Enquirer: 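This structure is in structure tokens; I'll ask about it shortly.
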Amino acid sequence: MTQSKGTNTQIRVAIIGSGPAGFYACEHLFKKSEYEFSIDMYDKLPTPHGLVRSGVAPDHQKIKSVTRIYDKIASNERFRFFGLVEYGKHITMEDLKKHYHIVVFATGAQTDRKMNIPGEDLAGSHTATEFVAWYNGHPDYRDYNFDLTQERVAIVGVGNVAVDVARILCRTQEELMQTDIADYALEALKKSRVKEVFLLGRRGPAQAAFTNPEVRELGNLDDAHAVTRVEEVELDEFTKELLEKKEDRSAVKKIEILNSYSEDIEFEKSRKLHIRFLVSPVKLLGNKEGHVKALKLVKNELYKSEDGSLRPRATNEFEELPVGLVFRSIGYHGVPLPDVPFHDKWGVIHNEKGRVLDSDTGEHVHGVYSTGWIKRGPTGVIGTNKLDSGETVQCIAEDIESGNILSPEAPEPDQVLELVRERQPDYFSYKDWLRLNELEISRGEKEGRPRIKYTSIEEMLAAVKNND
Ligand code: NAP
């Protein structure tokens, strides 16, 4: 199809996924005043905002206020939200090509990477992504159980997600009461017997993926001490050399913070949060009932790889760490979508700068794009998606100019609305979400909390319908 500049013809766009990347793609599209974009955003959940609702830690409310920007974008009269409408189930690629000029996938990374070591599937071994989705009230995870009667917990990985999990396990009931953590999680954590939490990094402190504000926050928990071991925070020769050369102030600061946790402190608090380095789990050991009872760890040393980065290498020193609960937090991984070319190893949609590419020919699949974690992998903070979506939208604009977009046979907004109503009569509009949002906030106000979430789809539907 050829779409020339200034024709004022509406360009119909479907965005699959309503997290930050999807919303920033909308924002960039609406800013392109030379075209009249009209956008339908789909999500398999009734509620929008992706990981801002179900990933960002409940004790990081400030970060969640970014949704005000998304509400503003959604208030554009050429924007519609279809919540509870799942791609591949209620709407297919064939449907999308029939109704839209442009299709953008912004589905994020919905699963996790595996450690691929023996014992990983023992009872009591979980992914951090499950725990995070559980405490954030994601409807698919509300019925998960985590054995919080255990006193010792290990978290494998030292990224910001691992830090979030550690904080939630170490917070007091009073601290958690100030958050929008799911009600059932608040109740379960109230009974928690967790006393010691171990964050396990496979490389050294300078290579830790967590950021400085996050690791600093671990030093300010009401009833938990963060502790490091002097010998593990001490820098190896390679790291010293690299830090001197690159003058990496952020890494220097990080080491300073971690060193401050290795000072002798009086243990007056009930919980201890051990931040460990240069160790990798090689096996999870189970008891007779098949429940995890310990992690076998190997001590690592660092070596300089061909690309100059410092990688971990196992020594022949081992240690057994008794723990009854294990979370692996070693990165998210994207999930393939029906009829969308996928790169299994990287866990992303096969794409170049957001243009989706045919896996066999490497040619652009006209009209189809990706943005966010499903495009570049699970890295960066919320704001990173703004830049990322900008790149995708730039490709879209170039392809409109050159006429390389889809030619839908039924582009009228009402035509697809009819289809959605037929396939999912209970779909949630943005107005429905705003109403649910108000209800959650008012439930929270009564208990002095930012909000009390609805965590089942049935509850959400009932709440909105009863308030019509
Ligand atoms: P991440 O930052 O990529 O961290 C993954 C961690 O897992 C790293 O420590 C990594 O170590 C380790 N790891 C990977 N494979 C491993 C293995 N086989 N054995 C042991 N350790 C292994 O991922 P994330 O924590 O899931 O976070 C995802 C993104 O969301 C990040 O960009 C993060 O900054 C962002 N996020 C931000 C916030 C915030 O701003 N507050 C909160 C949550 C998440 P190596 O470095 O050695 O590979």
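Note that the coordinates shown come from a computational prediction; the quantities given were computed from them, not determined experimentally. Every number for a ligand or one of its atoms is a count from 1 in the order of the listing. Position 1 is the first residue of the sequence; numbering continues from there. Just so you know, these numbers use all the heavy atoms, side chains as well, and skip hydrogens, waters and symmetry mates.
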Enquirer: With side-chain contact (heavy atoms from CB on, under 4.5 Å) as the test, pick out the partner of Leu273 among Leu169, Val163, Leu218.
Expert: Leu218
Enquirer: Using a 4.0 Å cut-off on heavy atoms, what residues surround ligand 1? Order them by chain and number.
Expert: Arg113, Val156, Gly157, Val158, Gly159, Asn160, Val161, Asp164, Arg202, Arg203, Ala209, Glu214, Ser329, Ile330, Gly331, Tyr332, Trp373, Pro378, Thr379, Gly380, Val381
Enquirer: Determine, using ring centers only, whether His364 and Tyr369 are less than 6.0 Å apart.
Expert: yes
Enquirer: Please report the interatomic distance OH(Tyr332) to OG1(Thr129), rounded to the nearest 0.5 Å.
Expert: 6.0 Å
Enquirer: Decide whether a cation-pi geometry holds between Lys32 and Phe37; the criteria are a distance under 6.0 Å from NZ or CZ to the six-membered ring centre and an angle within 45° of the ring axis.
Expert: no
Enquirer: Take the angle between the ring planes of Tyr135 and Phe131 and call it parallel below 30°, perpendicular above 60°, tilted in between.
Expert: perpendicular
Enquirer: Start with the C-alpha distance between Glu317 and Glu319, add both sets of side-chain angles, then the distance that settles side-chain contact (heavy atoms from CB on, under 4.5 Å), and finish with yes or no.
Expert: CA-CA 7 Å; Glu317 255 182 75; Glu319 149 187 7; over 6 Å; no
